[in-house]
Each structure stands twice: as structure tokens, then as C-alpha cells.
Colleague: 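Please find one structure pasted underneath; my questions will follow.
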Amino acid sequence: MQFDALPETDPRLVALVEALNPAQREAVTAPPEHRLVLAGAGSGKTRVLTHRIAWLMAVENVSPHSLLAVTFTNKAANEMRGRIEQLVNVPVRAMWVGTFHGLAHKLLRLHWREARLVQNFQILDADDQQRLVKRVLKSLDMPEDRYTPKMVTGWINAQKEEGRRPHAMSDQGDYTQRQLVRAYTAYQQACEQQGLVDFAELLLRAYELFRDVADVRAHYHRKFRHVLVDEFQDTNTLQYLWLRLICGADGKIFAVGDDDQSIYGWRGAKVENIQKLSRDYPGIELVRLEQNYRSTATILKAANGLIAHNSGRLGKNLWTEDREGEAIQLYAAYNEYDEAEFVVQRMRDYLDGRGRYADLAVLYRSNAQSRVLEEMLIRARLPYRIYGGLRFFERMEVKDALAWLRLLANREDDGSFERALTTPPRGVGATSIEKLRAFAREHGLSLWKAARNGAAALGRTSGALGLFLDQIDLLDQQTRELPLAQKMEKLIERSGLKEHYKKEKGEQAEARLENLDELVNAAKSFERPDEEGIDPVLSFLTHAALEAGEGQATAGEDAVQLMTLHSAKGLEFPVVFMVGLENGLFPSMRAVDEGNLEEERRLCYVGITRARQQLTISYAESRRIHGVEQICAPSQFLKEIPTETLVETRPRAGVLRGSFGVQSGRGSYGGGAPRTGMGSGYEHGNAWRERQQEGYNLSRPALSSRMTAEVAFGGFKLGQRVGHPSFGEGTILSFDGEGERARVEIRFANAGTKWLMLSMAKLSAL
DNA sequence: AACGCCTCCTTTTTT
DNA sequence: AGGAGGCGTT
């Protein structure tokens, strides 16, 4: 039914579509056929997805049981749930809304028999998986330097993501290939024996379940009439195959995605799936959402201009009814410290009087870049939050405690057995464990059984080992009837983990103990069997693996946001700083070498389109990368952003850098240039354009002429290497003051960063 | 088992 | 530079 044909009498439906723009409306109210929605950044994609679901239920009488909605992250799934709930008066619980992995997991729990799994199978997270691969490689005597656990794990996952099983590829390929297949086979066998399923395996098993078990397939074909997919451009081969299989002949697919925001090719995502979808579902209609509700016209112009340099796009041009907005600020820093300082300065300008910290976001290409920014933010006393890093359920102490819980639930889990046996330490060392492993391998037993049956063969340590085995059985008995949280608490106590971490010193130790308490707390919400009647222990462990928690720091607090461009996808901020726009950093060296610039360009596009009102882009002329000072050329992406959207802001001699070296005139840019827009200390110029025209010559001198002209100070200049009798070697970061009171800031290689009186410090030029 | 030294590596991240 | 992990020493 089309919107035009809507019965005017139904106010609910009118309300549902009234607020939508024509393109959104077309997507939402389309007949129940296959649809591909090309949703540009900030074009209301989640809105379309949720309204589509509401529409299907209200107009096409689709039951919530017949809907399947898939996302990539838990966050997106939760958001979708929440918004559907707001929109329709139907218990969302009945609806299959979740991540690919979460839904696959649900299917496997329901059909564990048909999927040839054990009922209490457990999920391996990335870390568990790599540990297991490592043990497998050792057992196969494969040299660890040639076949690193990381590389082999990556390879195995890549195979799974292409839907390949070892037997289908055994006798082809070269020696290396055959070795890898051998590892894959052995790894898979270990998983089967121990009842373990890794992330990729969840998807592959769920796929095979549908492919191989006709009854199950038929059941779900009858059930799911509509399959809705979010972030379709991020699907990998296996996810796509699974979607097709689950749709069957009659199910209708509604895919929402954006080829311009495909930034996960490196982990197997296939943008081509968008084209594939059009081929596999001939007649599928394409809807473009191009009206943007997020950014100013200037920001969109920059984004459109940049992304136009990519080839093979489906094509899309974002537009807005919003005002033009401010120009994008471009800042040429002389190094990463200067860059960070500038960012902080601009933040202060913004915060002055208005604005929340959380309005501000700094986006960078690689995590290493956060350090200097952090340093400056601390110095400026601005609260900040860094995304990324270890999540709650990935922390060592948490994983240690969970290993005990897992071992109680499943004695065959060798990884948990080893972990529990060694933490806390109990006099069973590497040698004994190696012997135990050998014994287990020889007799085809789990470590648990090997220890039970062959402890005597281990000599002296058999005592400690025997105690451990008895302790596990005893703990199991004693905690069997306890509610989950109490069980967890008792385990943490009786395993000796609490004692163990109490002994550890430093501020980390305290945090560890707190995390263990928090773990008990987290267990509380899993004390009752869930909807499918699954045992609390299993659902808790599943939760731990599938939803490792938020990355770092307390959410919700008003703080400046620091994150990589990748983690910024899907977010938006009033004020965005995109830093480190240098060839070799962004685009990354690797991308340049491999000629994979298009994905990097999309990443840049994602960065630009995060900004609502203000966007500042910066690059440094020199930066320390992997401990070495390097001369950087501005990113080629800067050339690709339409000039008219940019205004260059540069440090103004004599203001930013204190009162040194104002003997400008020559070499100094825009001495009398009018100051525009900025709070203080900076001015605009066209130096960057001039430099652009010079081309990117890597052998160009380290600092541009303005540096040498402007920064000479007491015989020293910014960026210069100097020696100090007690602090050793360092680099001059900045100057302050004049004459007697002149001070210099130096970052020493071994003594940190210090401010020294220029007249006192016995500095020598290097 | 704990500690310290040495070598290696270094883009991006979710499940 | 800085972290991780391996390895040898106490």
C-alpha cells in the first residue's frame, strides 16, 4: 500500500509517516518487496528502519514474530529495540532483533542438537580463541615464529567467514597452506571436544544449520517474512550467505547501508554485497536517502567533494536545508604537541561561557595519537574520555574469575582448567603442565581427566594438583545450589583470587578488586533462567563473551570525547576535531603501500560527517612515529576537500609562542593579516595552499621557512634537538617569556618534559 | 614463581 | 617510545 492510498481516517498511520521526508517515506511505505536503502550519513537511517517495522505491522499486518532485524553491534540492536518500543505498542521481546552473532547464538541454543553441538556449549572470545590456537600450534609442533597464533587465528577466522571448512580444502595449495589447514583441523577438533564455539563459528554453524537441516530451514522460512538489515555494507561473505538463506524464496529483505561508509574491508566486510544483492534479487528497488539532518551545508560540501574522488560508488550527494555554517578550520601544526595545544585552545574558545565538554570530540586514525592529546587535556584540566581499550569482561581479573565458573560448568574446558590451575599460583609450574598436556594428548583426554587419571605420573606436583582437583569438585558441590551472584562471590573468595589480587600492589590492584566486586554485581541480573529457559551460568557467560561491555571510562559524564575514526562511525558531535591528516598516518602507510586509498577516503568521509556545526582539521609537519621524528606531508585528502570550505588557521608569532622571535617581517606569514573568527592567538593565511602547490616532497627540510624565521630564540629554535648536562637529550617544544625570564620547554628522551630557564640551563645544540 | 632483561612490533575493532 | 611476550636468572 502506498502512502497516497492511506486511509485518512487512521491518525496513527498519518502520524507515523507525517514527519518523514519524501525519500524516507518512500522507503518506509514501500510495498512488501525487497528494498535496498542507500542511507547517507545523518539521513535518518535508524528512523527509516524502525518506521518500516512499525509500518509493516500496522499496514501489512505483519506479526512481530515474522520479523527479523539484524545489526552489527549490541549498541545498535538496543537502540533499535528502544525506538521500536516507542513507536509501536507491541512487546519487542517477541521480535527477533539482535546482532548477527547474538541471533546466531540464539538459533544454536534452540537447535543445538541439529547443529551438532553439545547443549552447554560455550563461547570463546577473541582472546580465548587465540590462546587455544596457540596451544594447538604447540601440540602440532608448528614453529611459533613462522605460524604466529595471531596470524593463524586470523587465517582460520577468514576461512570461516568465507564459509570454508578444512575438509573442503585439505589437499590443495602449497606447504604453508597445508600446514594452516592442519592447524584449522586440529583447532576445530579441540573446540568440538571441549564444547567451545568462537565468534566466527557461531555464524558458520548457524549458516550450516539452515543449509543442512531442512526442517529447521522450513520452519524459519515460514516464520520470518521480513528480514531487515542495518549497516549492510559491513556484511561479510558468510553473513550475506546466511541472510540469503534465511530469506529463502518468500522472505523480503530490507537492507539499509551506505557504500561510502564501508570502513571494515580489512576485517572481511564486503561492500560488493550491495551490488550482489541487486544481482541476487533482481527487481530490488533502490531508495536513496540524501537529505542530511546533522551537518551544516559547508561540512556536507566538504564531505561530498572528498568522496567524489572514489570510483565505483553507487552515487549519492548529501544536502541539507540547514544554513551554510562556519568554514572548516585547517591548522598546520609544526608537530603533534603544537597540534594538541591548538585543539585544546579551540576547545577553550568553544567552552567559554557555553557548551558542554561532551559536545567536543577528537577523532584520530590510530590509538597512539591519543597520548599527546591526553597530556594536553590534563594540563588544561579539561575532563575527557577515551574510547577503546580493554572492556570489562576482557580484564585479566574478570577472565580469571570466569575461568573458575566455566570450569565448574564444564570440566572439559582445557583453557579454563589451565587458567584456574595457574591463577592464583599453587606450585604447579610450566613443567608439570607440559607433562600433563603430553599425557592428555597421548591418551586423548581432557586436562581434567588426564589429571584425575594420571596425576601419579607427575611426581612431586601431583600433591598440589590433586588438591586442586578436589577443591574444584568441592566448590562445585558447595555452590551448586547457590544463586549465581553468591556462587560467583564464593568462587572469587575460595579460589584465592581475591587474596591473590590483594597482594598485588599499586593502584591497579585496587581497581582489580573493585572489578571482582562488580563482577558479582553483574551476575545478579542473571539469576533467573532467561526466556528460553537457559541456565543462568550459561547466559551469564554468554553475555560476558557476546557483550564485553562499554570500552573504558564512566559513560554519561560530561567529558571531551577521544576516539578513533572507526569507533566514531554512527556518532555525531557539535564540534569535531579531526587530527593527524598526514600522508602515512591518514591515509595510513599501509593503505598507501597497498594502494587501498578508497577505504581510507571513506574513513575521512565518516570523520567529516560526524560534525554538526564545527569541524577543525589539522596536520603536523613533523611527528614522532614509533619513536622516530618524521617529516610529514599533508594528507592528500586535504587537496580533495573543496578549497572554498576551508580556512587555514595558523599560529601567530608573538601571541601563541610567547614574545620570542617576533622579528618577523620576512618569512613570517600575514604579519598584519586581519584576525577572523578565532578567539585569540591564531590568524589565517594561505601558507597551506602555497605549500600544497609545492607538492609533497618528503625530502623537504624539516621545518618550513616560517619556523626557522619565527622561532629563533636565544640561539635555539623550535623542534631543535638539544643536550642538557643532567637531563640528557631532548627536543625544544616551546618558548615563553623574554630576556631574563625567558623559559624553554624541552621534551627529554629520558627525563620527560620540562620547563627550564633559558639563562640557567646549560643547553647545547645537537 | 617472581623478577628483570631482551627482542619484536607497531591501523583500524565487533562479536 | 612503549608495550607485550619470551626467556633466563634467582
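Residue numbering restarts at 1 for every chain, and letters A, B, ... go by the order of the sequence lines. Just so you know, these numbers use all the heavy atoms, side chains as well, and skip hydrogens, waters and symmetry mates.
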Colleague: Measure from the side chain of His566(A), starting at C-beta and using heavy atoms only, and say which of dG2(C), dT12(B), dA1(C) lies closest.
Modeller: dT12(B)

Colleague: Go nucleotide by nucleotide along DNA chain B from the 5' end; which of Ala126(A) and Ile263(A) gets its closest nucleotide reached first?
Modeller: Ile263(A)

Colleague: Determine, answering yes or no, if His626(A) is stacked on dT10(B) under the 5.5 Å centre rule and the 30° plane rule.
Modeller: yes

Colleague: NA contact type, Ala548(A), heavy-atom cut-off 4.0 Å: base, sugar-phosphate, or nothing?
Modeller: nothing

Colleague: Please report, rounded to the nearest Å, how far the P atom of dT12(B) is from the CZ atom of Arg365(A).
Modeller: 7 Å

Colleague: Which is true for Arg602(A) with a 4.0 Å heavy-atom rule: it touches a base, it touches only sugar-phosphate, or it touches nothing?
Modeller: nothing

Colleague: Can you measure Glu161(A) atom CD to dT15(B) atom C1' for me and round it to whole angstrom units?
Modeller: 10 Å

Colleague: Using the P atom as the reference point in each nucleotide, state the distance between dT12(B) and dG5(C) in Å, no decimals.
Modeller: 16 Å

Colleague: Could you state the atom-to-atom distance from CE of Met396(A) to C1' of dG5(C) in whole Å?
Modeller: 14 Å

Colleague: Of the candidate nucleotides dT14(B), dA1(B), dT12(B), which contains the atom at the shortest distance from the side chain of Pro425(A)?
Modeller: dA1(B)

Colleague: With respect to the side chain of Arg267(A), which nucleotide from dT12(B), dT15(B), dT13(B) is positioned closest?
Modeller: dT13(B)

Colleague: Should Lys134(A) be listed as having a side-chain N or O under 4.0 Å from OP1 or OP2 of dG6(C)?
Modeller: yes

Colleague: Ring-on-base stacking between Tyr264(A) and dT12(B), under 5.5 Å between centres and under 30° between planes: is it there?
Modeller: no

Colleague: Would you kindly give the CG-to-C1' distance between Asn78(A) and dT14(B), to the nearest whole Å?
Modeller: 14 Å

Colleague: When the distance from CD of Gln130(A) to P of dA4(C) is rounded to whole Å, what number comes out?
Modeller: 14 Å

Colleague: What is the nucleic acid contact for Thr564(A), judged by heavy atoms within less than 4.0 Å: base, sugar-phosphate only, or nothing?
Modeller: sugar-phosphate

Colleague: Heavy atoms from C-beta onward define the side chain here; which of dG2(C), dG6(C), dT14(B) lies closest to that of Glu144(A)?
Modeller: dG6(C)

Colleague: For the residue pair Phe121(A) and His105(A), categorise the inter-ring angle as parallel (less than 30°), tilted (30 to 60°) or perpendicular (more than 60°).
Modeller: perpendicular

Colleague: Please report, rounded to the nearest Å, how far the C1' atom of dT15(B) is from the CG atom of Leu203(A).
Modeller: 8 Å

Colleague: Using a 4.0 Å heavy-atom cut-off across all strands, classify Asn367(A) as base, sugar-phosphate, or nothing.
Modeller: sugar-phosphate

Colleague: Look at Arg391(A) and dT15(B) and indicate whether a side-chain polar atom (N or O) is within less than 4.0 Å of OP1 or OP2.
Modeller: yes

Colleague: Is the gap between the ring centers of Tyr264(A) and Trp266(A) under 6.0 Å?
Modeller: yes

Colleague: For Glu499(A), look at atom CD and say whether over 12 heavy atoms of other residues, nucleotides or ligands are found less than 6.0 Å away.
Modeller: no

Colleague: Rounding to a whole Å, what distance do you find between Lys150(A):NZ and dA4(C):P?
Modeller: 13 Å

Colleague: When the nearest nucleotide of DNA chain B is assigned to Leu546(A) and to Ala430(A) on a heavy-atom basis, which residue is associated with the more 5' position?
Modeller: Ala430(A)

Colleague: Is the gap between the ring centers of His309(A) and Phe637(A) under 6.0 Å?
Modeller: no

Colleague: Reckon Thr99(A) has a side-chain N or O less than 4.0 Å from the OP1 or OP2 of dT15(B)?
Modeller: no

Colleague: Can a side-chain donor-acceptor contact be found between Gln159(A) and Glu161(A) if the only test is distance below 3.5 angstrom?
Modeller: no

Colleague: Between atom CZ in Phe100(A) and atom P in dT15(B), what is the gap in whole Å?
Modeller: 13 Å

Colleague: Under a plain distance cut-off of 3.5 Å, with no hydrogens placed, do Asn273(A) and Gln239(A) share a side-chain donor-acceptor pair?
Modeller: no

Colleague: Would you indicate what Asp125(A) reaches in the nucleic acid, counting non-hydrogen atoms under 4.0 angstrom: base, sugar-phosphate, or nothing?
Modeller: nothing

